[in-house]
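Scope of the values below: all heavy atoms of this structure, side chains included, with no hydrogens, waters or symmetry mates. Treat the numbers as computed from the prediction; the structure is a model and nothing was measured. In what follows, chains carry the letters A, B, and so on, assigned in the order in which the sequence lines appear, proteins first and then strands, with residues in each chain numbered from 1.
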Amino acid sequence: MEIALSLHKSQTPLLGTSSRGSLSFSGRCFVSKVANWSHPFSRICCSSMDQTLKPKPKKVEYMERLVTVLNHNQIMKTFPSRLCSQIEKLVLCNRYREAMELFEILELGHDGFDVGGSTYDALVSACVGLRSIRGVKRVFNYMINNGFEPDLYVMNRVLLMYVKCGLMMDARKLFDEMLERDAASWMTMIGGLVDSGNFSEAFRLFLCMWEEFNDGRSRTFVTMIRASTGLGFIQVGRQIHSCTLKRGVGDDNFVSCALIDMYSKCGSIADAHCVFDQMPEKTTVGWNSIIASYALHGYSEEALSLYYEMRDNGATIDHFTISIVIRICARLASLEHAKQAHAALVRHGYGTDIVANTALVDFYSKWGRMEDARHVFNRMRNKNVISWNALIAGYGNHGQGEEAVEMFEQMVREGMIPNHVTFLAVLSACSYSGLSGRGWEIFYSMSRDHKVKPRAMHYACMIELLGREGLLDKAYALIRSAPFKPTTNMWAALLTACRMHENLELGKLAAEKLYGMEPEKLCNYIVLLNLYNSSGKWNEAAGVLQTLKRKGLRMLPACSWIEVKKQPYTFLCGDKSHSQTKEIYQKVDNIMFEISRHGYVEDNETLLPDVDEEEQRILKYHSEKLAIAFGLINTPHWTPLQITQGHRVCGDCHSAIKLIAMVTGREIVVRDASRFHHFRNGSCSCGDYW
DNA sequence: GTAGGGTTAG
């Protein structure tokens, strides 16, 4: 075995092999007669996915009547075998629900009829397809009651079903109890561990398996490459990579794609590209993997040009490709490319794909084009929790808090189970829109009604909500009442609220907590500095400045850029390097004059009170303002301006841009690394997000 | 002879 792994010390020792050839875990041996095991099922509660299989009273009546009629009929003698062949046919064409309905007739009318291996196999397949624990329990009970000894194949299928349903405890129990195991049993179990995020355990089992089966087929390595990706240790991934080369499966398409993904997620885009270059045949999945890799590392333009290269090379574009491209467009704020991707989605026949459509909802939501987002969402035939979350977050981030709450309520009514992201979206929507009462109701309902434990982010939302209302003591009390150690997000929310409401004492406390946790983070000091400045506490402000100096923390010059005719133009604060400098400055001055008539008052609060007058003058020419002026001069009046900033928008700029959007009638989208700020006709709906 | 594998969305 070529792989040497250093796993976490707290792990229990490796599996041992008992004299009977079965594995023992933690000293306990789980060998028992397979036919007797009914316990894995007895503890299983019915999955919600089983609802459709639950016979309705009327349906039972109908079935019983049907069976009674059949019992009185001569057909009865030949009927079960016909039923079986019908079940197998239905499973072959993926009509699992109907297959299980026929099985119900068997259960009701033919208990005692041993249907035979192939039908059991088909029935387990149907349950796997339906992810139905209750179904497999029924099939298995029928099997055991009729004296059928499940063979290895059927056992593997049941194991797979547990794994696919995420019931890893049951899967493990079954796996331990299996008298016979082959490579498929091992890799099903290991794959399940990888899917459930238990990567080190997956490696432990893999090492055990390797002693028993030296299974060097490509699909085994693919699973272990995924495990390396999950572990995040590139060295482990490299060792698996070298194993694939030694075994001669390094060129396998599946292996290559898994490797591209692994190298990219472990931080090496160069290695990922190297694997891609060496692929003998560049498949769609290969292209998708490399495009996604570039996108993951923030190389959006490169990713997009790879997509065009893929298209030009005649590779098949699939729904994965389009989903990735839409995501890239969201990051580039490129409406034009996104529209093309939307069209390609429909043209290639993936108009109903849930992931691609969710990516579109997300794209339009990020852009603040909520009508478009809603339109795509409404047309989706299938929606999952992520689709709902994207829409709710969209409404929330663009100031439509009531719509966000409404969608949340509709989601719950329709039986979709909200997760922690849903609550983050709806709570921050309540916070931004000042829906305090509703926010609290939802916060309390999280663990009570939806069994979702509030995390630090949810607390931070509530602290922000209280902070906006000026209820700073309550916000502080909430921090102290949290059942975990308060995080930086929570203190930062309190500090921001203190700055907003000029509460020096609490602000100082929050800032000190933050200094302890993030001593090198500049913005924590700046917020306190501004709080001191606005309260006229010059000595304290000077103290903060001294701390900054001592720590060598400096403000980086702000930088923003705008794309005009596919060409990006970059501006620094007070930048004079551009050839149109004169016009740009004139435009900024004009706009400033214009918006001052609409109530804009320049914020004279400066971060560095000791800079001279000339510098002060330059500092007011924020990079965003210059970029917007450039955009106003060089783009047609109907196009929205997309400004990207390398920093967080400051309060002064924020109100200025809002007013510029109003007086010029232009739509302005300002985005930073993680989120969009959207301004349209003077209404702004953005807030800080973590 | 069957089953276990890669890429996408908040």
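- Taking atom CG on A/Asn288 and atom P on B/dA9, their separation rounds to 11 Å, with Å as the unit.
- Distance from the side chain of A/Asp121 is smallest to B/dT2 among B/dT8, B/dT2, B/dG5.
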Determine whether A/Glu177 and A/Arg172 satisfy the following criterion, salt bridge (charged side-chain N to carboxylate O under 4.0 Å, His left out), listing intermediate values before the conclusion. CA-CA 9 Å; A/Glu177 287 171 350; A/Arg172 186 54 174 264; over 6 Å; no
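- If you measure from atom CG of A/Leu205 to atom P of B/dG4, you get 18 Å, rounded to the nearest angstrom.
- Atom pair A/Tyr350:OH and B/dA9:C1' shows a separation of 17 Å (rounding to whole Å applied).
- Checking B/dG6, B/dT7, B/dA9 against the side-chain heavy atoms of A/Ser289 singles out B/dT7 as nearest.
- In the set B/dG6, B/dA3, B/dT8, the nucleotide with an atom closest to the side chain of A/Phe320 is B/dT8.
- Taking atom CG of A/Leu306 as the reference point, atom C1' of B/dT7 lies 14 Å away to the nearest angstrom.
- Nearest to the side chain of A/Tyr153, among B/dT8, B/dA3, B/dG6, sits B/dA3.
- Judged by distance alone with a 3.5 Å cut-off, no donor-acceptor contact links the side chain of A/Arg327 to the base of B/dG10.
- To the nearest 0.5 Å, atom CZ of residue A/Phe254 and atom OG1 of residue A/Thr244 are 15.0 Å apart.
- Checked by distance alone, A/Asp252 brings no side-chain donor or acceptor within 3.5 Å of a matching partner on the base of B/dG6.
- Taking atom CZ of residue A/Phe254 and atom C1' of nucleotide B/dT7, one finds them 11 Å apart after rounding to whole Å.
- When distances run from any side-chain atom of A/Ala258 to the nucleotides B/dT8, B/dG10, B/dG6, the shortest one goes to B/dG6.
- Side chains of A/Phe199 and A/Leu193 form no contact here, defined as non-hydrogen atoms less than 4.5 Å apart.
- For A/Asp362, the side-chain atoms get nearest to B/dG10 when compared with the rest of B/dG6, B/dG10, B/dG4.
- Residue side chain A/Asp215 reaches the base of B/dG4 through a donor-acceptor N/O pair under 3.5 Å, judged by distance alone.
- In the displayed structure, A/Glu409 atom CD is contacted under 6.0 Å by more than 12 heavy atoms of other residues, nucleotides or ligands.
- Of the side-chain N and O atoms in A/Arg217, none sit less than 4.0 angstrom from OP1 or OP2 of B/dG5.
- Residue side chain A/Asn384 reaches the base of B/dA9 through a donor-acceptor N/O pair under 3.5 Å, judged by distance alone.
- Residues A/Lys282 and A/Glu309 are not paired through a salt bridge, judged by the lack of any N-O separation under 4.0 Å between the basic side chain and the carboxylate.
- No hydrogens or angles were tested; on distance alone, a donor-acceptor pair under 3.5 Å links the side chain of A/Ser323 to the base of B/dT8.
- Closest approach to the A/Arg226 side chain among B/dA3, B/dA9, B/dG6 is made by B/dG6 (side chain taken as heavy atoms from C-beta onward).
- One finds a salt bridge joining A/Arg226 and A/Asp195 here, because a Lys/Arg side-chain nitrogen approaches an Asp/Glu carboxylate oxygen to under 4.0 Å.
- For B/dG5, the base has a donor-acceptor partner in the side chain of A/Ser218 [N/O atoms by modelled type, under 3.5 angstrom].
- Contact between the side-chain N/O atoms of A/Lys265 and the OP1/OP2 oxygens of B/dG6 is not found at any separation under 4.0 Å.
- One can place CG of A/Asp151 at 15 Å from P of B/dG1, the figure rounded to the nearest angstrom.
- Separating the CG atom of A/Leu391 from the C1' atom of B/dA9 is a distance of 14 Å, rounded to the nearest angstrom.
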